[in-house]
Amino acid sequence: MTPTGSEAGRSQEKAVESRPRGPRQRQRVAVIIPAKDESRRIAATVRSARAIPHVDLVLVVDDGSEDNTQHVAREAGAVVVRHSHNRGKAAAMETGAAVVAMRDAPDRLPRMLLFIDGDLGDTAVNTAPLVAPVLDGVTDLTIALLPPQPGAGGRGLVVGAARRAIVSMTGWTPTQPLSGMRCLTRAAFEAATPLARGWGVEVGMTIDLLRQGYRVLEVPCDLRHRPSGTDLKGQLHRAAQYRDVQIAVNARRARSAASSVRRTLTPGERPVR
């Protein structure tokens with residue numbers, strides 16, 4: 001697989017510029033787990049994530065859970081921060097990244113960020129293949145390709161819409177555009193913020209990074225999580241996904257159109273932000 005990006009190496013150049021001088025340091029990885037009402041699976045997910053090579057911090061962001069997610073995660077060895085009410089996945093990801101940044105020492109390399117779902121259980125360690133391509137400078141963002149999930153009830157409507165949007169705006173064709181298991185450099189994460197709200201976060205991140213020249217690579221990972229079924233709850237979940245993906249895509253199309261208008265009105269000049 002070949003990583004994509006119109007200006008390959010941009011974030012790696014940034015990373016090199018910002019690295020502290022001195023003896024070669026071991027790159028560290030922080031696992032960030034946004035979670036809501038995952039008390040049944042979060043302990044296994046945390047314990048499994050702690051076994052991933054280079055990981056020295058597992059952080060659970062309890063996004064307003066009504067169960068014991070925060071306590072179970074802490075007992076399993078995670079650092080836990082909690083939102084007092086549900087703010088959504090994007091907010092949990094941003095909170096997690098901010099907490100990791102506060103824990104990064106100024107004389108050490110900033111940790112790479114590995115985002116995983118709270119319901120992966122014992123398979124969380126299988127996100128390890130996402131780390132090496134980013135660690136080695138092959139790419140800036142890796143996305144997990146999951147095998148078929150037993151019990152999944154979707155018909156590909158949301159996936160298809162997300163894929164077409166990414167292709168039309170970047171020229172890259174993803175296999176699983178909604179995959180939430182992702183590893184990326186600190187520079188890439190900051191370039192992708194603010195994140196798209198709701199279930200549009202993954203599509204928005206992919207579009208934003210590719211359009212800025214960051215490189216993206218899909219990596220197969222043997223993961224198992226709780227899929228959405230065909231019942232009413234599953235259908236409502238996919239409807240919310242579709243809505244949020246469209247909101248994220250339309251916002252980026254509008255931004256791109258506005259940028260084109262500014263360039264047309266002021267040829268040869270940099271648009272004023």
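Keep in mind the model is a prediction, meaning the values are calculated, not measured.
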Charged N to carboxylate O under 4.0 angstrom, Arg40 versus Asp119?
-> no
Under-4.0 Å salt bridge between Asp104 and Arg111 = yes
What distance do [X] atom [atom1] and [Y] atom [atom2] have between them, rounded to the nearest 0.5 Å?
X: Glu190; Y: Leu113; atom1: CD; atom2: CG; answer: 9.0 Å
X: Leu141; Y: Thr185; atom1: CG; atom2: OG1; answer: 8.5 Å
X: Leu209; Y: Leu184; atom1: CG; atom2: CG; answer: 7.0 Å
X: Met112; Y: Leu135; atom1: CE; atom2: CG; answer: 5.0 Å
X: Met181; Y: Glu202; atom1: CE; atom2: CD; answer: 8.5 Å
X: Arg211; Y: Ile166; atom1: CZ; atom2: CD1; answer: 12.5 Å

What do the steps show when you test Glu38 against Thr69 for side chain to side chain donor-acceptor pair (under 3.5 Å), and what is the final call?
-> CA-CA 6 Å; Glu38 289 290 357; Thr69 293; over 6 Å; no
For Cys221 and Leu145, what are the C-alpha separation, side-chain angles and deciding distance, and is it a side chain to side chain contact (heavy atoms under 4.5 Å, CB included)?
-> CA-CA 6 Å; Cys221 296; Leu145 287 177; over 6 Å; no
Only counting residues at least two apart or in another chain, list the ones meeting side chain to side chain contact (heavy atoms under 4.5 Å, CB included) with Val81.
-> Leu59, Val61, Thr95, Val99
With sequence neighbours left out, write down each residue that passes side chain to side chain contact (heavy atoms under 4.5 Å, CB included) with Gln246, or none if nothing qualifies.
-> Ala161, Tyr242, Asn250
Val203 and Thr206: side chain to side chain contact (heavy atoms under 4.5 Å, CB included), yes or no, with the steps?
-> CA-CA 5 Å; Val203 173; Thr206 301; 5.9 Å; no
Residue that, paired with Val58, satisfies side chain to side chain contact (heavy atoms under 4.5 Å, CB included) out of Ile52, Thr45, Val31, Leu114 = Val31
Take Ser39 and His71 through the side chain to side chain contact (heavy atoms under 4.5 Å, CB included) test and state the conclusion after the steps.
-> CA-CA 8 Å; Ser39 61; His71 304 299; over 6 Å; no
Nearest atoms (heavy-atom pairs only) where [X] meets [Y]:
X: Ala44; Y: Asp122; result: CB-OD1, 3.5 Å
X: Trp172; Y: Ile143; result: CH2-CD1, 4.3 Å
X: Ser179; Y: Ala144; result: OG-O, 2.7 Å
X: Pro174; Y: Val167; result: CD-CG2, 4.3 Å
X: Ala43; Y: Val72; result: CB-CG1, 3.6 Å
X: Ser48; Y: Gly121; result: CB-O, 3.5 Å

Under the 3.5 angstrom rule, does the side chain of [X] hit a backbone N or O of [Y] as a donor-acceptor pair?
X: Thr139; Y: Pro133; answer: no
X: Gln212; Y: Ala191; answer: yes
X: Asp63; Y: Gly88; answer: yes
X: Asn86; Y: Gly64; answer: no
X: Gln27; Y: His54; answer: no

Check against side chain to side chain donor-acceptor pair (under 3.5 Å), Ser65 and Asp62 = CA-CA 6 Å; Ser65 293; Asp62 183 345; 2.6 Å; yes
Under the salt bridge (charged side-chain N to carboxylate O under 4.0 Å, His left out) rule, collect the residues that match up with [X], sequence neighbours excluded.
X: Asp117; result: Lys89
X: Asp222; result: Arg224
X: Arg255; result: Asp208

Ring centres under 6.0 angstrom apart (Phe115, Phe189) | yes
Joint hydrophobic cluster, Ile247 plus Met169, side-chain heavy atoms closer than 4.5 Å = no
With sequence neighbours left out, which residue pairs that include part of residues 163-187 fulfil the salt bridge (Lys or Arg N to Asp or Glu O under 4.0 Å) condition?
-> none
Do you know which of Arg28, Arg108, Arg103, Arg50 makes salt bridge (Lys or Arg N to Asp or Glu O under 4.0 Å) with Asp56?
-> Arg28
Can you find a pair of side-chain heavy atoms, one from Gln176 and one from Val159, that are under 4.5 Å apart?
-> no
Worked verdict on Val138 versus Val134 for side chain to side chain contact (heavy atoms under 4.5 Å, CB included) | CA-CA 6 Å; Val138 173; Val134 182; over 6 Å; no
